[in-house]
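Here the structure comes first, spelled out in structure tokens, and everything after it is commentary.
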Amino acid sequence: MKLREQKACRPQRAGLIFFLGLFWLGPFLVLRAHGMWPLPHLPMPSPPRSPAPSSPPFLQLRSEFRDLEGEPLDLVGGPLLPPGSAPPRYASLPDHSLWRWENSGQKEAALFLTLGRQEPPPWDSVLSSVKSIYLGGVLHRSDDMDVPALPAQLSTSAAQCPPPQRPILALSKMHWTPEHAQPLNQWPEQHLDVSSTTPSPAHKLELPPGGRQRCHYAWAHDDISALTASNLLKRYAEKYSGVLDSPYERPTLGGYGDAAFLNGAKGDPEPWPGPENPYPLASLHEGLPGTKSGSGGGSGVLGGSPVLAGNLPEPLYAGNACGGPSAAPEYAAGYGGGYLAPSYCSQTSAALPPPPPAALLQPPPPPGYGPSGPLYNYPAGGYAAQPGYAALPPPPAPPPAPYLTSGLAAPTPLPAPAPPRPAPASYGFQAAAAGAEAGVSLKRKAADEGAEGRYRKYVYEPAKAPAADGTSYPAADNGECRGNGFRSKPPGAAEEASGKYGSGVPLKVLGSPVYGPQVEPFEKFPERAPALAPRGGFAVPLGEPPKGVDPGALELVTSKMVDCGPPVQWADVAGQGALKAALEEELVWPLLRPPAYPGSPRPPRTVLLFGPRGAGKALLGRCLATQLGATLLRLRGATLAAPGASEGARLLQAAFAAARCRPPAVLLISELDALLPARDDGAAPAGALQAPLLACLDGGCGAGADGVLVVGTTSRPSALDEATRRRFALRFYVTLPDGPARGQILQRALAQQGCALSERELAALVQGTQGFSGGELGQLCQQAAAGAVHPGLQRPLSYKDLEAALAKVGPRASPKDLDLFVEWDKMYGFGH
Ligand SMILES: Nc1ncnc2c1ncn2[C@@H]1O[C@H](COP(=O)(O)OP(=O)(O)OP(=O)(O)O)[C@@H](O)[C@H]1O
């Protein structure tokens, strides 16, 4: 009976359970159907650094994301928020800001931008991060987010909103930096997954006035469909993947797993791994797909190894056009670089057999190695760790006063290299094996010391302490100006210098990689020419000026155009690491090395630096002169063109002749485009100067083209016609300084004004000066200093003054201009 009753109750119980189940589950099902379940974890905790793997989809972005300026963006994905839920207010999140990310139009994710412990958040960083992470998606402010007023500099810089397609390009571009190990060709798959083209209702929100423009900028991306974005990115990925994969451009860094980017479980950004592979001693060209071998002005160096490039059939700087004894011999004794006496070069190159192939594999030796004397070295500071904004190390002491006979500053002595490795017997450089070893170790050292070893020697150095007399770089003597801070030795100093290297220890080699069985003793070579008498300004060497050159113009050039400014080291140029490395490998080393064997190709003698105004082109030209130990002559295209075609041509010829009278010389012609006919700025056409320019570049304007490096700079490369373009064997894009470089330039400029900003202020200023060139940063500081001066009130420069100055000084180069530079670089440049 009981059993029967129990059986009868079973269906009732099941019905009850079913009913109860429905009662409890129903609301969940309804909520789920409306997308409101699972419920969010509100209130929002502090941003999770390591979300559970089972979390709903979120964006997991690692710190290798950088903004347009290369600033690291430390982005960490947050948990999902339910639609319409109110995110925490900014005030409750002191060190990060909350944004919402619309993912594929279906889900919303909270994206935390962790931007260090900065309060209030650096809005420009937040805004600029849009450029980095945005891929056709929709990024918008949360509707009820409490947005404080943007700082003044942001509202000014907000006017620089790039065009809609800019982020896509930027994304490609930011991966040009060698620190990025993620192959770009993986980006489309990894990143377009999270793109969206669906505008959200929040787009219609009224934004606070300060941020409206930037957010409009973000919205503008709605116009890009996911497909377009994908195509664009793929196109650039294909284009640049060669660069990214090259050993030169991208030092080997640890790869990042795919999961690190999307939906990954990894939350904490890891420190960048150091290079795993040793420094590749390969030719620069191996890593430069954009390099056009043999293009341009016909320098055989292009496309060849640096060693081959340095091999010259004839003496590098043999003789001069001035009828007098060459100035070159003076370089032979102490310097040991490429500026060797004609007799020296011709003897060695003629007498010595071609080198064994193995010798060609030797890395290019740094200039100036001697067998026993102090070895030439780059400034020790060049290898210093990248100085932070807050604490820059004290500047290295300038090299001691001794000067070589040539007037070149004496090389910084290297510590004695650890036990010299014997060189192969067939390699004529064995006597300088220690130097060569040191040279290799120098290069290796640059690579081995940390992740950025490749460019470590080029790191920016802090401002040099001014000398007691007020000059930054104390003049070593009262000798004749050699340009660019170098002064030739007064009479008698030659002996000192030769004693430094020669007394006691026979100078068997000059440190040049001379191939041959045995290195000749220095005494065997003829006497050096007597030192030039010191004269004010540019020194016309002994002998007659070259024929056909107007003596008056020559006098004008020698008195007005020789740059006697302080020497500029690599470390004095902020940023531009890859460019500096390329210039050194492509230009400086080949020029300083003597020919390796008869018939070896000549190094390039012309280089074009193009980029926005104030980007540091002239600064790099001066740096090249310093590195080459050369006299620097500076011309401005506009100045040459101003007095008229015939007068300009006379000056131009005189400048080339003057440079050739004083090898080694660097002839820096700024605003090259002003000499060319194709002018689109309404200025008077100066096409008549093009013919003399081309003739001089071809080796006219005085006999012999050796010993002169012509550096042309322009901010309008598109104005250069093909004939002129081809005359420049190397063409490099000088980009605007990136964030760290801007910080360094600003810090240096402000230090000169006696102003020291806090780390936070400097970071904000760096963010607020995106798109500024080095020159504009200098102007900004000057403007701020001018604003700080009030009658009867002397107060130090403050951040507020700089903020006020930001309203008046802005970047001149528009994003469109920058795109044109990039395009021109792709077509004609050497894409370093
Ligand atoms: N990377 C940099 N590091 C340090 N200073 C810089 C850098 N770039 C520019 N500057 C400074 O900015 C100023 C302008 O630089 P420079 O004259 O070399 O620019 P430019 O590109 O030649 O300009 P223009 O096209 O107008 O001739 C100089 O005072 C220079 O020292």
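Counting convention: from 1, in listed order, for ligands and their atoms alike.
Of all the heavy atoms of Leu777, none lies under 4.0 Å from any atom of ligand 1, so neither backbone nor side chain is involved. Residue Ser670 does not touch ligand 1, judged by heavy-atom distances below 4.0 Å.
Salt bridge status for Glu823 with Lys826: present, with a side-chain N to carboxylate O gap under 4.0 Å. Comment: Glu722 engages Arg726 in a salt bridge, judged by a side-chain N to carboxylate O separation of less than 4.0 angstrom.
Geometrically, Arg731 does not engage Phe610 in a cation-pi contact, judged by NZ or CZ lying under 6.0 Å from the ring centre and within 45° of the ring axis.
For the ligand labelled ligand 1, residue Ala615 lies inside the 4.0 Å heavy-atom shell. Residue contacts with ligand 1: Thr713 is excluded, as none of its non-hydrogen atoms falls under 4.0 Å. Ligand 1 has no atom lying under 4.0 Å from any heavy atom of Gly778.
Ligand 1 has no nitrogen or oxygen under 3.5 angstrom from a nitrogen or oxygen of Arg636.
Asp817 is linked by a side chain to side chain donor-acceptor pair (under 3.5 Å) to Ser814, counting only residues two or more places apart in sequence or in another chain. Legend: residues meeting ring-ring contact (aromatic ring centres under 6.0 Å, His included) with Phe821, ordered by chain and number and at least two apart, are Tyr733.
Here the shortest heavy-atom distance to atom 30 (C) of ligand 1, taken over Asp738, Leu672, Leu620, Leu619, belongs to Leu619.
Between Leu583 and Trp570 there is a side-chain heavy-atom pair separated by less than 4.5 Å.
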